[in-house]
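Below: one structure, written as structure tokens.
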2 protein chains.
Amino acid sequence: MPKKKTSENVTVGITPVALKEHEHAHCIDDAINTAEAYCKNAKLRFTPIRRKVLEILAQEHRAIGAYAILERLRENGFGSQPPLAYRALEFLTKHGLAHKVERLNAFISCTHPTKEHSPAFLICRTCSSVAETTLDAAKTSLGGIARAANFRMEGLVMESEGLCSSCSRAAT
Amino acid sequence: MPKKKTSENVTVGITPVALKEHEHAHCIDDAINTAEAYCKNAKLRFTPIRRKVLEILAQEHRAIGAYAILERLRENGFGSQPPLAYRALEFLTKHGLAHKVERLNAFISCTHPTKEHSPAFLICRTCSSVAETTLDAAKTSLGGIARAANFRMEGLVMESEGLCSSCSRAAT
DNA sequence: CGATGTTATGTTATAATGTAACATTATTGA
DNA sequence: TCAATAATGTTACATTATAACATAACATCG
């Protein structure tokens, strides 16, 4: 992350949503609260381990690998067998509360939960920050090509690796 | 693949380039010939193992995992240690002669070699066919967002999973 | 309540994917 | 032909992910 100010107030350095300087504690609270409300409404069980995994993810605007999550789980008194992490991640991604960043084989908490969307990511190769934005898959250029080919799109992975604004400036 | 006709003449069922019924032998020859010319021109070494890996990839309009490639290499008298496959794949992807499909952790031969491009893929979840098309990364919706955020895009992963035309029809 | 079906978790084992590191061989170019 | 570079051979291991089955928690309906 470009500039760390305090553990509570972090500069994130990309625009979409993980953007700009912000009270980062809000991100975590928002993610948890939104997930809680969403699960309650949809009659899904927001269990302790699922909550903890989302908390872990929401603590950073970066993607985190399953085994790193697993380590954090262990530190918090949960078991440390891979299925624990993968099952919680499956639940969170299935319901749009988190996403997998394919390019990194790692996971990130969603910054636009509840909204039906195709996520897209800007991944900084220097500071590892990952910013999420949303797309209408059908309106992308690939959507047009798919339509012309009678290909029925069901999911879209769109991720760009490069340099975020801060790191790009620093690299000059 | 939607309909197999003969080993030489295969219906591929998506439009972009792996499109339509075609003399599939041409795909393989083209891939090899283009790669050979490209390497000669760029003074790169198109070694036997690199050639064989490209041949293996070009035999299918599907993505193939590194270990499946490795097995094919072994059948052809090459060694079967992972680095053999990964090094050849690194060479081929670096020079745009093949691509990695991130969603599948697998590789596919490029159908638009030599042209500088951002590849994009339509992946059929039923028949596993993968069709490649090209994009101008900067002109995608994510390109616009990146520009607004001063994010310097260096690479783009764009992959859609869904149903190809044939499988979509069959699923009705 | 209590039986029962369903969902989630615990646990072991293993599969699949990918890389580091170093030795040897081949090729290039002075 | 020598030295530098690039490619391959080889061993070992790191990382990511899942199968399979047992137990526990929860829901709900009689």
Side-chain angles (χ1 to χ4, degrees), chain A residues 35-36 38-54 56-57 62-74 76-95 97-108 128 157 159 161, chain B residues 35-36 38-54 56-57 62-74 76-95 97-108 128 157 159 161:
Chain A
E36 193 148 63
Y38 173 82
C39 290
K40 187 165 194 175
N41 185 259
K43 303 206 161 148
L44 299 169
R45 287 161 65 186
F46 195 49
T47 62
I49 197 168
R50 292 169 177 174
R51 170 188 296 260
K52 179 52 76 178
V53 170
L54 186 57
I56 292 166
L57 291 175
R62 282 178 170 82
I64 307 176
Y67 282 74
I69 291 167
L70 206 53
E71 201 175 321
R72 302 287 317 277
L73 283 177
R74 188 175 40 68
N76 283 271
F78 294 88
S80 62
Q81 304 93 328
L84 262 64
Y86 282 103
R87 287 198 285 230
L89 288 166
E90 183 185 17
F91 172 87
L92 294 172
T93 54
K94 178 175 174 187
H95 296 101
L97 301 169
H99 303 293
K100 180 173 188 179
V101 180
E102 298 290 344
R103 187 61 225 279
L104 304 176
N105 292 323
F107 303 83
I108 191 162
S128 302
V157 172
E159 304 170 356
E161 228 177 345
Chain B
E36 194 148 61
Y38 173 82
C39 289
K40 188 165 194 176
N41 185 260
K43 305 207 159 146
L44 299 169
R45 289 162 64 185
F46 195 48
T47 62
I49 197 168
R50 291 169 178 174
R51 170 188 295 261
K52 178 52 78 179
V53 170
L54 186 58
I56 293 166
L57 291 175
R62 282 179 171 79
I64 307 177
Y67 282 75
I69 291 167
L70 206 52
E71 202 176 319
R72 302 286 318 277
L73 283 177
R74 188 176 39 69
N76 283 271
F78 293 87
S80 62
Q81 304 94 324
L84 261 64
Y86 282 103
R87 287 197 284 229
L89 289 166
E90 183 185 16
F91 173 87
L92 295 171
T93 54
K94 178 175 172 186
H95 296 102
L97 301 169
H99 302 293
K100 179 171 189 182
V101 180
E102 297 290 344
R103 189 57 225 280
L104 304 175
N105 291 323
F107 302 83
I108 190 162
S128 301
V157 172
E159 304 170 358
E161 228 178 344

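Everything numeric in this text was worked out from a predicted model, so none of it was measured. Here is the naming used below: chain letters follow the sequence lines, and residue numbers restart at 1 for every chain.
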DNA chain C nearest-nucleotide lookup for F91(A) and K43(B): closer to the 5′ end is F91(A)
According to side-chain contact (heavy atoms from CB on, under 4.5 Å), who are the partners of E90(B), at least two apart in sequence or on a separate chain?
none
Are the side chains of L97(B) and L57(B) in contact, using a 4.5 Å heavy-atom criterion?
no
side-chain contact (heavy atoms from CB on, under 4.5 Å) filter on R51(A), not counting sequence neighbours, yields I32(A), E36(A), F46(A), E55(A)
For F78(B), what residues pass the ring-ring contact (aromatic ring centres under 6.0 Å, His included) criterion, not counting sequence neighbours?
none
Which residues pass the side-chain hydrogen bond (donor to acceptor under 3.5 Å, both in side chains) test with N105(B), sequence neighbours left out?
none
Look up atom CG in L84(A) and atom CG in L89(A), then write down how far apart they are to the nearest 0.5 Å.
10.5 Å
Once you round it to whole Å, what is the distance between P of dT11(D) and CG of L70(B)?
14 Å
CZ of R51(B) versus C1' of dT8(D): gap in Å, rounded?
17 Å
Using a 4.0 Å heavy-atom cut-off across all strands, classify I49(A) as base, sugar-phosphate, or nothing.
sugar-phosphate
List in chain and number order the residues that pass side-chain contact (heavy atoms from CB on, under 4.5 Å) with E161(B), two or more places apart in sequence or in another chain; answer none if no residue qualifies.
R103(B), I123(B), R125(B)
Contacts of F91(A) meeting ring-ring contact (aromatic ring centres under 6.0 Å, His included) (sequence neighbours excluded), chain-then-number -> H95(A)
Short N/O separations, protein against nucleotides 17-20 of chain D, under 3.5 angstrom:
| unit_1 | atom_1 | unit_2 | atom_2 | d |
| --- | --- | --- | --- | --- |
| dA17(D) | OP1 | K100(A) | NZ | 2.5 |
| dA17(D) | OP2 | Y86(A) | OH | 3.1 |
| dA17(D) | O5' | Y86(A) | OH | 3.4 |
| dA17(D) | N7 | Y67(A) | OH | 2.5 |
| dA17(D) | N6 | Y67(A) | OH | 3.2 |

Take L44(A) and G65(B), find for each the nucleotide of DNA chain C with the closest heavy atom, and name the residue whose nucleotide sits nearer the 5' end.
L44(A)
Is there side-chain contact between L70(A) and Y86(A), with heavy atoms separated by less than 4.5 Å?
no
Take K52(B) and R72(B) through the test side-chain contact (heavy atoms from CB on, under 4.5 Å) and record every step on the way to the result.
CA-CA 9 Å; K52(B) 178 52 78 179; R72(B) 302 286 318 277; over 6 Å; no
Looking at every non-hydrogen atom in both residues, tell me the closest pair between L73(B) and G79(B) and how far apart they are.
CB-O, 4.1 Å
Five pairs per end, C1' atoms only: what is the angle between the end axes of the helix from dC1(C)-dG30(D) to dA30(C)-dT1(D), to 10 degrees?
30°
Heavy-atom contact window of chain B on DNA chain C, given 5' to 3' at under 4.0 Å:
dT17(C) to dT27(C)
How many whole angstroms separate atom CZ of R45(A) from atom P of dA24(D)?
15 Å
